[in-house]
Asker: 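Let me give you the structure first, and then I'll get to my questions.
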Amino acid sequence: MPELPEVEAVCRKLRPAVVDRKIVSADIRRCAPVGTAERVSGRSILAVARVGKHILIRLSAAVTLHVHLRMSGNLFAIPDHRFCGASARILFRLNDGSGMVLEDPRALARVEVCETAELDRALSAAAGPDPLTPAFTAAAFAGLARASRQPAKLFLMDQRRVSGLGNIYAAEALYRARVDPRKPIQRLTKPRLDRLHSAIVSVLSDAVQSAVSAYAGPGEFLEAESFPIHVYGREGEPCAVCRTPIRRISQGGRSTYFCPACQR
DNA sequence: AACACGACCTGGTAGC
DNA sequence: TGCTACCAGGTCGTGT
């Protein structure tokens, strides 16, 4: 589930439901260090922000609840905390009777409480530009690309270079830009880099739109044009453009899907 | 600096 | 049906 678009959808859905509430207490079953409940109880939720795939829940007293959903996590609000499902890893009880729930079947998600200033400093030092912010210009992207010899796909997935792409959207952006995932990023011509830069922005923007609609929740049927996945998970299927079978290879221990004819 | 690999976890599914 | 093996949208630490 969670790459940048899904995390953005989570934040948008969460925001109106939790901002201006106070955390009364918390049940921490997994995914957070001991003492977390004590450190958030009694604090107000001021804002919900996102950097790449990181969710930053700003609390009073200059503290931030830092949430990373990793592979299978999900974070959402429920109207009544008494009806929290048994599969929840964490339940935050809010002062209006509602709840904020972390679910994660694999329990790989991570939640921690940090001093806001310290966390923001660490994140801005470690994380590359978020493609949905003005900082992600074609020039900035080209500058980062020039400094790396990584294969294009690994470069895109490296959160220190660009924040927010994961295995699916990295593959889809490369497909949209017609760039070979194995090609060293450094060796792409400027026109190709520009094409890749635009593809990243458009893929993520489109995916945010559909993730937000898809995330409308039960009872809210929005006819969402769901994001078209052209290569991810489609090994052997014909490319939508040229009918060449989609190939799967392994890069950095993960599957990469691409069209060997279109992407050069 | 780049890369490979195991660890962290659980659940779904393809194949026998 | 039941077992096994492998795969999964992410990141971190270790070793080469």
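Excluded from the calculations below are hydrogen atoms, water molecules and symmetry mates; all remaining heavy atoms, backbone and side chain alike, are included. Just so we're on the same page: letters track the sequence lines, and every chain starts at 1.
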Asker: Name the nucleic acid region contacted by A:G166, choosing base, sugar-phosphate or nothing; use a 4.0 angstrom heavy-atom cut-off, strictly under.
Answerer: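 The answer is sugar-phosphate, as A:G166 gets under 4.0 Å only of primed atoms, P, OP1 or OP2.
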
Asker: Taking only residues at least two apart or on different chains, which pairs with a member in residues 114-140 of chain A satisfy ring pair (Phe, Tyr, Trp, His ring centres under 6.0 Å)?
Answerer: A:F136-A:F141, A:F136-A:H197

Asker: Mind checking if A:R182 touches a base, just sugar-phosphate, or nothing, with heavy atoms under 4.0 Å?
Answerer: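 The residue A:R182 makes no contact with any strand.
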
Asker: Determine, for nucleotides 5-12 of chain B in 5'-to-3' order, which nucleotides have protein heavy atoms under 4.0 Å from the base (write B), from only the sugar-phosphate (write S), or from neither (write -).
Answerer: ---BBBS-

Asker: Do any N or O atoms from the side chain of A:R192 and from the backbone of A:R264 form a donor-acceptor pair under 3.5 angstrom?
Answerer: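 Indeed, once roles are kept as given, a pair shorter than 3.5 Å links the two residues.
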
Asker: Which residue, A:Y257, A:Y175, A:F258, forms the ring pair (Phe, Tyr, Trp, His ring centres under 6.0 Å) with A:Y232?
Answerer: A:Y257

Asker: Strictly below 4.0 Å, heavy-atom distances to any atom of DNA chain B: list the hits from residues 146-155 of chain A, or just say none.
Answerer: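 Within this stretch, A:S148, A:R149, A:Q150, A:P151 sit under 4.0 Å of the strand.
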
Asker: So, does A:S98 use its side chain to make a donor-acceptor pair with the main chain of A:L94 at under 3.5 Å?
Answerer: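 Not at all, since once roles are kept as given, no pair shorter than 3.5 Å links the two residues.
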
Asker: Less than 4.5 Å apart, any side-chain heavy atom of A:L75 and any of A:M100?
Answerer: yes

Asker: From the list C:dG10, C:dC7, C:dT11, which nucleotide is the closest neighbour of the side chain of A:Q159?
Answerer: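 Among the listed nucleotides, the one closest to the side chain of A:Q159 is C:dT11.
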
Asker: What's the gap between C:dC6 and B:dC5 when it is taken at their P atoms, as a whole Å value?
Answerer: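 Taking atom P in both C:dC6 and B:dC5, they lie 15 Å apart.
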
Asker: For DNA chain B, just give me the dot-bracket, please: Watson-Crick or G-U, both distances below 3.5 Å, ( ) intra-strand, [ ] crossing earlier pairs, | paired with another strand, . unpaired.
Answerer: .|||||||.|||||||

Asker: The criterion is side chain to side chain contact (heavy atoms under 4.5 Å, CB included); which residues satisfy it with A:C114, sequence neighbours excluded?
Answerer: A:H66, A:E112, A:L119

Asker: Which pairs count as side chain to side chain donor-acceptor pair (under 3.5 Å) when at least one residue sits in residues 16-38 of chain A, sequence neighbours excluded?
Answerer: A:R21-A:D96, A:S25-A:R93, A:D27-A:R93

